Peer 1: 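Attaching a single structure in structure tokens format; questions to follow.
Just so it is clear: chains get the letters A, B, ... in the order the sequence lines come, proteins before strands, and each one is counted from 1. Being a predicted model, the structure only gives us computed values, none of them experimental.
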Amino acid sequence: MDPMSQFRSEAKSAAEEAFRSMGVEAAFDIETPSTGIADLAIPCFPLAKVLRKAPVAIAQEAAGKLPAMKLVSRAWAENGYLNFNVDKAALAASTVRAVLGEGPDYGRGQDKPEKVLLEHTSVNPTGPIHVGRARNPIIGDTLARCMRACGYDVTTEYLVNDVGKQVVLLAWGLEHIDPSEVDAVDRDKADHRLVPFYRKANQMMEADSEVAKQVADMLVRFEAGDAEVIDTVRRTASMMLDGIVQSLKAINVQIDRFTWESDFIKNGVARQVVEELSKCAVCREDKGALYLDLEGCGIHGRGTKFFFTRSDGTTLYTTRDIAYHLNKFGRADRAINILGEDQKLGQAQLANALRFLGKDRAPECIFYSFVSLPEGRMSTRKGVVVYLDDLIEEAEERAMEEVRKRRDDLPEEKMKEIARNIGRGAVRYNIVRVQPEKQLVFKWEEAMNFEGNSAPFVQYAHARACSILRKAGDFDRSADPSVLTNDYEAKLIKELARFPSVIEEAGEKARIHLLPVYCHDVASAFNQFYTYVPVLKGEEMKNARLALVEATRIVLANALNTLGLSAPEEM
RNA sequence: GCACACGUGGCCUAGUCUGGAUAUGGCAGCAGCCUCCUAAGCUGCAGGUCGGGGGUUCGAAUCCCUCCGUGUGCGCCA
């Protein structure tokens, strides 16, 4: 339930009545001013043309014609706006009761019939995930959580690229290179352990034409559907994937299902795509290789020639991706992809190909810009790289230092647990904080931000609320919340009342960065309340305030959970 | 070169979709606040040509054009 909706609808119907008496039936917006001038506002500027009057005069006249309202405490005209303040006591009562009544479900939307398949991460299993790509799982997992909170049935999926030269080369390396010949790695984790084999195999292939021939041969057998080669390569990819999945688990990213790209070669669907596409009117041939001429399809440059086979007839990555999308469409009503901005052309080609195959559906894509380092673009080969594992480890270590500083009363294990929650949370928070399309330069001091607009700030507010509730013990939850009307209480309640609409916008419009902002606003309002309003020593206000503290605790926990962060009870 | 995206105080960022009230927060800086529910907190101060220019509009950070800067793409790679 959205505690604000009743206030909104009362203001709206009152304004409708006022405008009707002035002779207009026109639709109008009702907004929530960010400046805090009013709780709700109707800009009268769009009505100026219809009424042929100045907005200021319209607002003035409408304000005089508003009927009596029960939930609005004040309505007035100002600068061409018709402003409303909601009744503080009424909002307090409906908000606190809604939050306490719904608990973990407060903020959730109605269940939606659509089944959503959200593909994210899908990084090539040729090395550990680095922070340049780390935006992908974090955005994907957070969006999945937001959409679930909105009421969608969401499945997250990872497409494992176990096809192509890169993985084949790695598989070759594991079979032919003696472990004693490669450099040791400092991290005992499958994905990191395989890196030196990959590097060495790359060097050997460049230096030795015999190696290059063996790899090429393996690739041909793979493309021909040789089950033995496919299995070898898949086993290699699988080892790498284990390590990647471990890293994802560390930051609480859950993948529901893995799809293996080689399956589309094995089951012949990629082949069927080739056959269907080759019947298209825009299909052309160049030295045996087939392509779609996408001239005039909104694509520029050489990308208008979308090749879907090589001259030897084998398929290309996007061809298999088309097969994958046909498969997705059979399983879900909506397909959402989280992709790096380098995939834009490929996705445009894919969308066109799907159209030529007679599908009126296309995946909804969210593209993110790459994270670079101050010294430039990340590159595993050049050694200019920060792995996600490094980031997580460093974050936990720095969090541990902070915990040690303030909580040396706790046992070591408890301190570690808190540090884990804080460090990992900070990593996620600092990435979803900024919109996906913004370029990001990775800086340790920003990624490790533990104060201000950060995960620990929000988690700390939650821990503080828990601490009060712990000390309070049992209390009277039926106390009337309408007494909560001082400035700090009112401000906090307004924030709590906003949660359902924030969830809705974050999930429906894929604007997940609104959630960290919201968390910060709630935590900040609570910290002010905490500083100036006594709860346990609140005398006759004690029970009502405890109910507000509990409501805040619930909202913070729900919001943190939607961000994939833990809500620690102490820190 | 062509295409797509991004540019908001020293640094990071909201607001841009859907034009509207004094442009949101944070970091760093300065000055305060712990006999009182956890100071990872609170309060105050200082800091802005919303990349530049032009246009549309009663009104532009927001829409259009142009220029500049940054990123990405323009493989029979994945």
Peer 1: For A:Phe308 and A:Phe306, take the angle between the two ring planes, folded into 0 to 90°, and tell me which bin it lands in: parallel under 30, tilted 30 to 60, perpendicular over 60.
Peer 2: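 The rings of A:Phe308 and A:Phe306 sit tilted, inter-plane angle from 30° to 60°.
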Peer 1: Output yes when at least one side-chain N/O atom of A:Gln343 is less than 4.0 Å from OP1 or OP2 of B:G73, else no.
Peer 2: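 Checking B:G73 against A:Gln343, no side-chain N or O comes under 4.0 Å of OP1 or OP2.
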Peer 1: Taking any strand in view, what nucleotide pairs with B:C42 in a Watson-Crick or G-U wobble way, both distances under 3.5 Å?
Peer 2: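 Its partner is B:G32 (Watson-Crick or G-U wobble, both distances under 3.5 Å).
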Peer 1: With a 4.0 Å limit, can you tell me whether A:Arg511 has a side-chain N or O closer than that to the phosphate oxygens OP1/OP2 of B:C17?
Peer 2: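 For B:C17, neither OP1 nor OP2 has a side-chain N or O of A:Arg511 closer than 4.0 Å.
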Peer 1: Quote, to the nearest angstrom, the C1' distance that separates B:U24 from B:G47.
Peer 2: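 Their C1' atoms lie roughly 15 Å apart.
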Peer 1: Under 4.0 Å between any heavy atoms, over every strand shown, what does A:Glu570 touch: base, sugar-phosphate, or nothing? Just pick one.
Peer 2: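 Result for A:Glu570 = base.
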Peer 1: Between the side chains of A:Arg498 and A:Asp521, is the shortest nitrogen-to-carboxylate-oxygen separation below 4.0 Å, so that they form an ion pair?
Peer 2: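 Yes, this pair counts.
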Peer 1: For A:Val163, report the nucleic acid contact type (base, sugar-phosphate, nothing); a contact means any heavy atom under 4.0 Å.
Peer 2: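 If one applies the 4.0 Å heavy-atom cut-off, A:Val163 turns out to touch the sugar-phosphate alone, with no base involved.
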Peer 1: Check every strand shown and say whether A:Val533 touches a base, only sugar-phosphate, or nothing at a heavy-atom separation below 4.0 Å.
Peer 2: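 Contact class for A:Val533: base.
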Peer 1: Quick one: do A:Arg404 and A:Glu401 make a salt bridge, cutoff under 4.0 Å?
Peer 2: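 Not counted as a salt bridge, because no side-chain N and carboxylate O are separated by less than 4.0 Å.
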Peer 1: How is A:Glu446 classified with respect to the nucleic acid when contacts are heavy atoms under 4.0 Å: base, sugar-phosphate, or nothing?
Peer 2: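 Sugar-phosphate contact only.
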Peer 1: For B:A14, take OP1 and OP2 only and decide whether either is under 4.0 Å from a side-chain N or O of A:Gln435.
Peer 2: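 So the side chain of A:Gln435 is within the cut-off, an N or O lying under 4.0 Å from OP1 or OP2 of B:A14.
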Peer 1: Using a cut-off of 4.0 Å on non-hydrogen atoms, how would the nucleic acid contact of A:Arg406 be classed: base, sugar-phosphate, or nothing?
Peer 2: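 Since a base atom lies under 4.0 Å of A:Arg406, the category is base.
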Peer 1: Indicate whether any N or O donor in one side chain lies under 3.5 Å from an N or O acceptor in the other, for A:Ser372 and A:Arg377.
Peer 2: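 No, because no side-chain N or O of A:Ser372 sits under 3.5 Å from a partner of the opposite role on A:Arg377.
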Peer 1: Where the side chain of A:Met571 is defined as all heavy atoms beyond and including C-beta, which of B:C37, B:A40, B:G26 is the nearest nucleotide?
Peer 2: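 Of all the options, the side chain of A:Met571 is nearest to B:A40.
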Peer 1: When you compare B:U70 with B:C27, how far apart are their P atoms, in angstrom units rounded to a whole number?
Peer 2: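 Their P atoms lie roughly 31 Å apart.
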Peer 1: Considering every strand and a 4.0 Å limit on heavy-atom distances, what is the contact class for A:Pro534: base, sugar-phosphate, or nothing?
Peer 2: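 Base contact - A:Pro534 has a heavy atom under 4.0 Å of at least one base atom.
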Peer 1: With the side chain of A:Arg464 defined as its heavy atoms from C-beta on, choose the nearest nucleotide among B:G26, B:G73, B:A39.
Peer 2: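 The nucleotide sitting nearest to the side chain is B:A39.
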Peer 1: Would you say B:G15 has OP1 or OP2 under 4.0 Å from some side-chain N or O of A:His513?
Peer 2: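 So the side-chain polar atoms of A:His513 do come within 4.0 Å of the phosphate oxygens OP1 or OP2 of B:G15, strictly under.
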Peer 1: Under 4.0 Å from OP1 or OP2 of B:A14: is there any side-chain N or O of A:Lys438 that close?
Peer 2: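 Yes, such a contact exists.
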Peer 1: Assign A:Ala41 to base, sugar-phosphate, or nothing according to its heavy-atom contacts below 4.0 angstrom with the strands shown.
Peer 2: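 It contacts base atoms.
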Peer 1: Does A:Arg433 put a side-chain nitrogen or oxygen below 4.0 Å from OP1 or OP2 of B:G25?
Peer 2: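 Answer no for this pair, as no side-chain N or O of A:Arg433 is under 4.0 Å from OP1 or OP2.
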Peer 1: On the nucleotide B:G75, are OP1 or OP2 found under 4.0 Å from the side-chain N or O atoms that A:Arg302 carries?
Peer 2: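 It does, given that an N or O in the side chain of A:Arg302 lies less than 4.0 Å from OP1 or OP2 of B:G75.
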Peer 1: Quick one: label A:Ile37 by what it contacts on the DNA or RNA (base, sugar-phosphate, nothing), any heavy atom closer than 4.0 Å.
Peer 2: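 Contact class for A:Ile37: base.
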Peer 1: Need one value for A:Val535: base, sugar-phosphate or nothing, where a base atom within 4.0 Å counts as base even if backbone is also close, heavy atoms only.
Peer 2: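 Counting heavy atoms under 4.0 Å across all strands, the contact made by A:Val535 includes a base.
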Peer 1: Classify the nucleic acid contact of A:Asp29 as base, sugar-phosphate or nothing, counting any heavy atom under 4.0 Å across all strands shown.
Peer 2: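 Here A:Asp29 touches no strand at all.
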Peer 1: Can you tell me which nucleotide in B:U72, B:U18, B:A5 comes closest to the side chain of A:Asp342?
Peer 2: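 Looking only at heavy atoms from C-beta outward on A:Asp342, the closest nucleotide is B:U72.
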Peer 1: If I take atom NZ in residue A:Lys405 and atom P in nucleotide B:A39, what distance separates them, rounded to the nearest angstrom?
Peer 2: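 My rounded result for the distance is 16 Å.
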Peer 1: By the 4.0 Å heavy-atom rule, please label A:Lys165 as base, sugar-phosphate, or nothing.
Peer 2: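 Counting heavy atoms under 4.0 Å across all strands, no contact is made by A:Lys165.
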Peer 1: On the nucleotide B:C37, are OP1 or OP2 found under 4.0 Å from the side-chain N or O atoms that A:Arg553 carries?
Peer 2: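 Indeed not, no polar side-chain atom of A:Arg553 lies that close.
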Peer 1: So, under a plain 3.5 Å distance rule, would you say the side chain of A:Thr309 forms a donor-acceptor pair with the base of B:C76?
Peer 2: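 In this structure, the two groups form no donor-acceptor pair.
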